[in-house]
Amino acid sequence: MPELPEVETTCRGIAPHTEGKEVKAIVVRQPKLRWVVPNSIQEMVGQRINKVARRAKYVLLETDIGTTMVHLGMSGSLRVVDDSLAPDKHDHVDIILDTGKALRLHDPRRFGAVLWTQESIDTHKLIGHLGPEPLTDAFDVDYLVGCAARRSVSVKQFIMDAQVVVGVGNIYASESLFMAGISPKRAANKVSKKRYALLTQCIKQVLARAIEQGGTTLRDFVQAEGKPGYFKQELNVYGRAGEPCNTCGELVVQLKQGQRSTFYCGSCQR
DNA sequence: AAAGACACCTGTCCGC
DNA sequence: TGCGGACAGGTGTCTT
């Protein structure tokens with residue numbers, strides 16, 4: 001489910017309930033997620049959560065002595081619930097706070113992760129090699145053009161490459177390319193600098209707007225309070241194969257690129 | 001070095 | 001109603 005806007009929405013939703021609160025207990029009902037939840041996660045018990053942050057698609061719960069990293073995978077969501085609320089089948093991990101609330105990870109497919117690290121996040125094995133955040137100034141046209149040199153992969157797969165830029169997943173890659181009028185099939189090194197300048201802006205705009213709308217709920221994403229995101233109604237191409245393009249009326253096309261579905265308008269995108 | 005395939009897992013939907 | 005197969009928002013790892 002979650003791309004950058006959904007993870008950011010989650011962070012913003014849980015922050016008021018977790019920042020400054022102490023962790024009273026951690027309950028792991030199903031340790032087998034993408035990686036087995038480490039026993040060292042219990043080191044977080046008794047610690048105060050100083051800050052909720054995000055890097056790429058990781059939710060970071062920072063304490064004085066270490067950081068808990070939560071990844072939502074394809075089907076994960078993190079909610080704030082009353083500690084006493086009975087867990088569902090796929091509620092795998094609870095981080096129980098001293099307020100009577102708990103952060104509850106729900107993840108049917110178990111592609112998500114809960115990890116504990118004492119090292120600096122910037123150099124962490126899973127994060128150190130990642131590209132810049134798309135909503136920062138470090139992500140600009142010169143940077144993107146530099147990355148694209150000698151890359152024959154399609155521009156859609158290129159912008160989904162986390163070593164190039166983080167947070168752009170399957171929905172927002174298609175949407176950004178539609179907004180920029182660029183064909184997803186074009187090779188990354190065959191896109192002009194002028195069009196990369198536009199694409200850079202479109203990626204920022206699409207992600208920012210999706211965050212404003214609380215993310216996109218396709219099937220199971222929910223925000224911290226359990227509400228869906230509302231960006232789905234603003235999708236122009238994703239999931240709209242066979243429907244008319246909102247701009248020109250031509251039918252939206254679906255294809256596979258790197259095992260993932262891509263949606264685009266063959267008339268508006270060149 | 002880069003590109004492509006595969007793996008992980010459950011739920012849902014569609015056609016027969 | 002049941003069954004098989006395809007598909008789903010991610011990403012590390014292995015093979016070409």
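Within every chain, numbering begins at 1; the chains are lettered A, B, ... in the order of the sequence lines, protein sequences first and strands thereafter.
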hydrophobic_cluster_shared for A:Tyr264 and A:Val206, side chain cutoff 4.5 Å: no

Distance, P atom - from B:dA5 to C:dA6, rounded to whole angstrom: 16 Å

Hydrophobic cluster identity match, A:Met160 and A:Phe158, side-chain contacts under 4.5 Å: no

CA sep, side-chain torsions, deciding dist, call: A:Arg209, A:Glu234, salt bridge (Lys or Arg N to Asp or Glu O under 4.0 Å): CA-CA 9 Å; A:Arg209 176 63 186 157; A:Glu234 296 187 28; 2.6 Å; yes

Phosphate OP1/OP2 of C:dA8: any A:Ser75 side-chain N/O under 4.0 Å: no

Carboxylate-amine/guanidinium contact A:Lys101 A:Asp82, below 4.0 Å: yes

Touch class at under 4.0 angstrom, heavy-atom based, for A:Lys256 against every strand present: sugar-phosphate

Cluster check A:Phe111, A:Trp35: I/L/V/M/F/W/Y, side chain < 4.5 angstrom: no

N/O donor-acceptor pairs under 3.5 Å from side chains in residues 135-149 of chain A, not counting sequence neighbours:
{"unit_1": "A:Thr136", "atom_1": "OG1", "unit_2": "A:Glu133", "atom_2": "O", "d": "2.8"}
{"unit_1": "A:Asp140", "atom_1": "OD1", "unit_2": "A:Asp142", "atom_2": "N", "d": "3.3"}
{"unit_1": "A:Asp140", "atom_1": "OD1", "unit_2": "A:Tyr143", "atom_2": "N", "d": "2.9"}
{"unit_1": "A:Asp142", "atom_1": "OD1", "unit_2": "A:Lys193", "atom_2": "NZ", "d": "3.1"}
{"unit_1": "A:Tyr143", "atom_1": "OH", "unit_2": "A:Val164", "atom_2": "O", "d": "2.6"}

With A:Arg109 via salt bridge (Lys or Arg N to Asp or Glu O under 4.0 Å) - residues at least two apart: none

Residue A:Lys57, side-chain heavy atoms: nucleotide from B:dG11, C:dT11, C:dG12 that is nearest: C:dT11

Short side-chain N/O contact from A:Lys232 to OP1 or OP2 of C:dG9, under 4.0 Å: no

Sub-4.0 Å heavy-atom contacts from residues 172-183 of chain A onto DNA chain C, ordered by number: none

Output a table of donor-acceptor pairs, distance under 3.5 Å, between side-chain atoms of residues 19-29 of chain A and any protein atom two or more places apart or on a different chain; print 'none' if there are none.
{"unit_1": "A:Glu19", "atom_1": "OE2", "unit_2": "A:Val52", "atom_2": "N", "d": "2.9"}
{"unit_1": "A:Arg29", "atom_1": "NH1", "unit_2": "A:Asp91", "atom_2": "O", "d": "2.7"}
{"unit_1": "A:Arg29", "atom_1": "NH2", "unit_2": "A:Asp94", "atom_2": "OD2", "d": "2.6"}

Test item: A:Leu115 and A:Thr68 side chains (from C-beta on) under 4.5 Å apart, heavy atoms: no

Residue of the set A:Lys57, A:Arg54, A:Arg55 for which salt bridge (charged side-chain N to carboxylate O under 4.0 Å, His left out) holds with A:Glu8: A:Arg54

Options B:dT10, C:dG12, C:dG9, nucleotide nearest the side-chain atoms of A:Leu218: C:dG9

Side-chain N or O of A:His71 closer than 4.0 Å to phosphate OP1/OP2 of C:dG10: no

Per-nucleotide protein contact string for nucleotides 3-9 of chain B, where B marks a base within reach and S marks sugar-phosphate only (heavy atoms under 4.0 Å, - for neither): S-SB-BB

Pairing pattern in dot-bracket form [Watson-Crick, G-U; both distances under 3.5 Å; | = partner strand] for DNA chain C: .|||||||.|||||||

From C:dT13, C:dG10, C:dG9, nucleotide with atom closest to A:Lys125 side chain: C:dT13

Main-chain N/O of A:Phe221 paired with A:Thr217 side-chain donor or acceptor, under 3.5 Å: yes

